[in-house]
There are 2 protein chains.
Amino acid sequence: MTFDDAEILGRVASTLRRADLALLAAKEPALRKVGVSGSLYAVLANLGVKPGLTGAELARLTGVTPQAIAPLVGKLIERGLIERRAHPRHANIQELHLTESGRRETARADRIMLHLDTHIRDSLGDQEYRQLRVLLDRVITSLPGWVPPPDGSS
Amino acid sequence: MTFDDAEILGRVASTLRRADLALLAAKEPALRKVGVSGSLYAVLANLGVKPGLTGAELARLTGVTPQAIAPLVGKLIERGLIERRAHPRHANIQELHLTESGRRETARADRIMLHLDTHIRDSLGDQEYRQLRVLLDRVITSLPGWVPPPDGSS
DNA sequence: GACAGGGTATCAAGAGCTTGATGTGACGCA
DNA sequence: TGCGTCACATCAAGCTCTTGATACCCTGTC
């Protein structure tokens, strides 16, 4: 509560982690009610914005390995929510597209996520909501530039 | 639809997730150099601030289940970094404490995390760093109050 | 003193993701 | 034209965390 224990628990790194966990705990059960997990929603949402993505591109966007994407894509195809199409140049690569029913399911799940985001914006206020986004973006872009200290075993 | 920049990728929920992933990608390799994973560090750091925590309390603080804590505690005991002590009232409960060498290892890992946090604060500026912390905390406290929409199948 | 209730610890089974390694097809360059 | 390089996809093994279920101990109530 005070700033005495700010030494560790109050750092941005720690607070950011807790915020993400709280977000996960809120959205996962809500999404499961419409039949998708958080990972599946991430795939659907990205395909909704950028149709024709490949598995590898999807992996980079969602921050996981390409191997983790394969089972997700398999499930979604099995349920008829997305489909593979041959890439015009690479015979080996498959473009992924939402089907019509996939678009409907994505819209249903997206409505929930929009509702959650609206709740956050209402809690923070419009201006601070925007600032939070800006600050987070600056954190994201600044992190790759960090080099760990030279193992100061001292 | 109405919010051009709210197009999924710009929402706080999505940005927050990417920020946490970027943070994870930065800190995990750095911590591994001193021999601990992110989860192990979380246990050590919490025990450093609040000695005598039980496994269940530790689980709540780090946001995982008690079952996930057990293997972590086992590893740390095996390496001599922490130790169990009998709880004064409950024979069944074990308090966890850092050993002397555990304190040293925690300090080494913590130096890295402090360095990372300092990098973020330098990138953002002192005032905005503080504000980011405040905004994240408000997100954390506001999230449990969210109730999902009543599955409006439209 | 007996009993229900809450909290802790632990076992078992399952899902999800990661690292490691392999095969294939497209592109740049001599 | 032939070769080296790179990106995509996929198989296999291992680790970590999760959900589900069980047993134990303390505390409050009758």
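Just the heavy atoms: all of them, side chains too, but no hydrogens, waters or symmetry mates, feed the values below. Each chain gets a letter, A, B and so on, in the order the sequences are listed, and its residues count up from 1.
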Is any side-chain heavy atom of B/L16 less than 4.5 Å from a side-chain heavy atom of A/L132?
no
If the condition is side-chain hydrogen bond (donor to acceptor under 3.5 Å, both in side chains), which residues does A/H90 pass it with, not counting sequence neighbours?
none
Contacted region of DNA chain C by chain A, from 5' end to 3' end of the hits, cut-off under 4.0 Å to heavy atoms, spans C/dG16 to C/dC27
Side chains of B/Y129 and B/D117 only: does a donor on one sit below 3.5 Å from an acceptor on the other?
yes
Residues 73-81 of chain B side chain polar contacts: donor-acceptor under 3.5 Å, at least two apart:
from  : atom 1 : to    : atom 2 : distance (Å)
B/R79 : NH1    : B/G35 : O      : 3.1
B/R79 : NH2    : B/G35 : O      : 2.9

Look at all strands and tell whether A/A56 reaches a base, only sugar-phosphate, or nothing, counting heavy atoms closer than 4.0 Å.
sugar-phosphate
Considering every strand and a 4.0 Å limit on heavy-atom distances, what is the contact class for A/Q67: base, sugar-phosphate, or nothing?
base
Going hydrophobic residue to hydrophobic residue with side-chain gaps under 4.5 angstrom, can you get from A/V12 over to A/W146?
yes
With a non-hydrogen cut-off below 4.0 angstrom, is B/S37 in contact with a base, only sugar-phosphate, or nothing?
nothing
Just do the salt bridge (Lys or Arg N to Asp or Glu O under 4.0 Å) check on B/D110 and A/R11 with the steps written out, would you?
CA-CA 12 Å; B/D110 196 49; A/R11 292 181 196 159; 3.2 Å; yes
What nucleic acid atoms does A/T54 come within less than 4.0 Å of, heavy atoms only: base, sugar-phosphate, or nothing?
sugar-phosphate
Which nucleotide of DNA chain D is the first, and which the last, in the 5' to 3' direction, to come under 4.0 Å of a heavy atom belonging to chain A?
D/dC8 to D/dC11
Toward the 5' end of DNA chain C, which comes first, A/H90 or A/G63, by nearest nucleotide?
A/G63
Across all chains, not counting sequence neighbours, the side-chain hydrogen bond (donor to acceptor under 3.5 Å, both in side chains) partners of B/R84 are B/Q94
5' precedence on DNA chain C between A/P66 and B/E57 (nearest-nucleotide basis):
B/E57
Any residue meeting side-chain hydrogen bond (donor to acceptor under 3.5 Å, both in side chains) with B/E57, in chain and number order, not counting sequence neighbours:
B/T54
